[in-house]
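Written out below as structure tokens is the structure these notes cover.
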Amino acid sequence: MFNQKITGYENTSMDVKIINPFLSAALSVFEDMFSITPTNKEPYLMKITTGHQWEISGIIGLTGDYNGIVAFRLHKVLAEKMLELSDITIDNPEEKENLISGLISEFTNIVASHATSAIKEVNIGVSPPVVVSGHNHTISWPHNYPVVAIPFVTQYGPFEVDVCFK
């Protein structure tokens with residue numbers, strides 16, 4: 001998880017008391033629901049004007065004492081593995097796409113619920129999750145705030161937690 005002082009991010013308005021509950025919740029949900037143990041890599045400051053590698057993003061908005069966005073971004077192969085590990089029966093390819101979208105939405109919702117329950121010092125609310133998919137899809141990040149990307153790897157592929165709030 002993040003330390004209290006994030007090298008290179010001192011001038012951002014990011015607060016580790018808000019970021020860490022989302023990271024802890026994501027790791028916990030991956031382990032509890034899918035028996036996947038992610039390993040974190042070095043966080044970086046994301047440039048919102050450049051393209052990205054992600055195919056699916058589960059997005060929530062933050063409101064209250066903090067306003068912004070948290071996105072859980074992954075490749076389709078990891079999402080398909082999560083669906084497979086959920087033991088959900090798939091009848092046809094069209095249904096598979098809908099089930100993947102629903103699974104990522106529910107994953108995002110569960111992580112958000114666990115994270116906000118762990119945040120006690122501030123008033124924070126979250127919007128219902130939205131799932132955006134497609135190669136190099138667009139997220140309308142707030143231009144006033146930096147986006148910190150926290151990458152992870154799993155045995156089934158990488159994912160990233162991107163946070164942007166003030």
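Because only heavy atoms are used, hydrogens play no part in the values below, and waters and symmetry mates are left out as well, while side chains stay in. Every value quoted in this text rests on a predicted model; they were computed, and no experiment measured them.
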Review item, side-chain donor-acceptor pairs of residues 115-130, under 3.5 Å, at least two apart:
{"unit_1": "Thr116", "atom_1": "OG1", "unit_2": "Ala112", "atom_2": "O", "d": "2.9"}
{"unit_1": "Thr116", "atom_1": "OG1", "unit_2": "Ser113", "atom_2": "O", "d": "3.3"}
{"unit_1": "Ser117", "atom_1": "OG", "unit_2": "Ser113", "atom_2": "O", "d": "2.9"}
{"unit_1": "Lys120", "atom_1": "NZ", "unit_2": "Ser117", "atom_2": "O", "d": "2.7"}
{"unit_1": "Ser127", "atom_1": "OG", "unit_2": "Gly61", "atom_2": "N", "d": "2.8"}

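Using a 4.5 Å heavy-atom threshold, the side chains of Ile139 and Ser57 count as touching. Within the 4.5 Å cutoff, the side chain of Phe72 has no heavy atoms near those of the Ile59 side chain. No side-chain heavy atom of Phe165 sits under 4.5 Å from any side-chain heavy atom of Val147. Looking at Tyr156 and Phe34, their side chains never come closer than 4.5 Å, going by heavy atoms from C-beta outward. Side-chain contact check for Ile150 versus Val148: some heavy-atom pair is nearer than 4.5 Å. Looking at Leu74 and Glu55, their side chains never come closer than 4.5 Å, going by heavy atoms from C-beta outward. Using a 4.5 Å heavy-atom cutoff, the side chains of Trp141 and Asp162 are in contact. Between His52 and Lys47 there is no side-chain heavy-atom pair separated by less than 4.5 Å.
With rounding to the nearest 0.5 angstrom, the CG atom of Leu103 is 12.5 Å from the CG atom of Asn98. In this structure, Ile104 CD1 and Asn109 CG are separated by 12.5 Å, a value rounded to the nearest 0.5 Å. To the nearest 0.5 Å, atom CD1 of residue Ile48 and atom OG1 of residue Thr138 are 11.0 Å apart. Here Ile100 contributes atom CD1 and Glu84 contributes atom CD; the two are 11.0 Å apart, rounded to the nearest 0.5 Å. Note: Phe152 CZ to Lys41 NZ = 11.5 Å, rounded to the nearest 0.5 Å. Note that the SG atom of Cys164 and the CG atom of Leu62 stand 9.5 Å from one another [nearest 0.5 Å].
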(request) Show the numbers, then the answer: is there a side-chain contact (heavy atoms from CB on, under 4.5 Å) between Ile110 and Met33? (result) CA-CA 11 Å; Ile110 292 168; Met33 287 182 68; 3.8 Å; yes
(message) Applying side-chain contact (heavy atoms from CB on, under 4.5 Å) to Lys166 and Tyr66, what does each step give before you reach the verdict?
(response) CA-CA 5 Å; Lys166 181 163 177 91; Tyr66 289 85; over 6 Å; no
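For the ring-ring contact (aromatic ring centres under 6.0 Å, His included) with Trp54, the lone residue among His75, His137, His135 that qualifies is His75.
Looking at Ser24, its side chain does come within 3.5 Å of a backbone N or O of Asn20 through a donor-acceptor pair.
Taking Glu95 as the reference, Ile90, Asp91, Asn92, Leu99 meet the side chain to side chain contact (heavy atoms under 4.5 Å, CB included) condition, with sequence neighbours excluded.
Shortest non-hydrogen contact noted between Leu78 and Pro158 is CD2-O, 3.6 Å. When every heavy atom of His114 is checked against every heavy atom of Val29, the shortest pair comes out as ND1-CG2, 3.9 Å. Between Pro142 and Ile69 the shortest heavy-atom distance is CD-CD1, 3.7 Å.
When ring centroids are compared, Phe30 and Phe159 come within the 6.0 Å threshold.
Asn67 and Thr63 are not linked by any side-chain donor-acceptor pair at a separation below 3.5 angstrom, with hydrogens and angles left out of the test. Remark: the Glu160 side chain and the Tyr44 side chain contain an N/O donor-acceptor pair separated by less than 3.5 Å.
Both Phe22 and Leu45 are part of a single hydrophobic cluster, where members link through side-chain heavy atoms under 4.5 Å apart. Note on Ile36 and Val153: separate hydrophobic clusters, where clusters join Ile, Leu, Val, Met, Phe, Trp and Tyr whose side-chain heavy atoms are under 4.5 Å apart, directly or indirectly. The same ILVMFWY cluster, assembled from side-chain heavy atoms under 4.5 Å apart, contains both Ile88 and Leu85.
In this structure, Lys96 pairs ionically with Glu80, as a charged nitrogen and a carboxylate oxygen lie closer than 4.0 Å.
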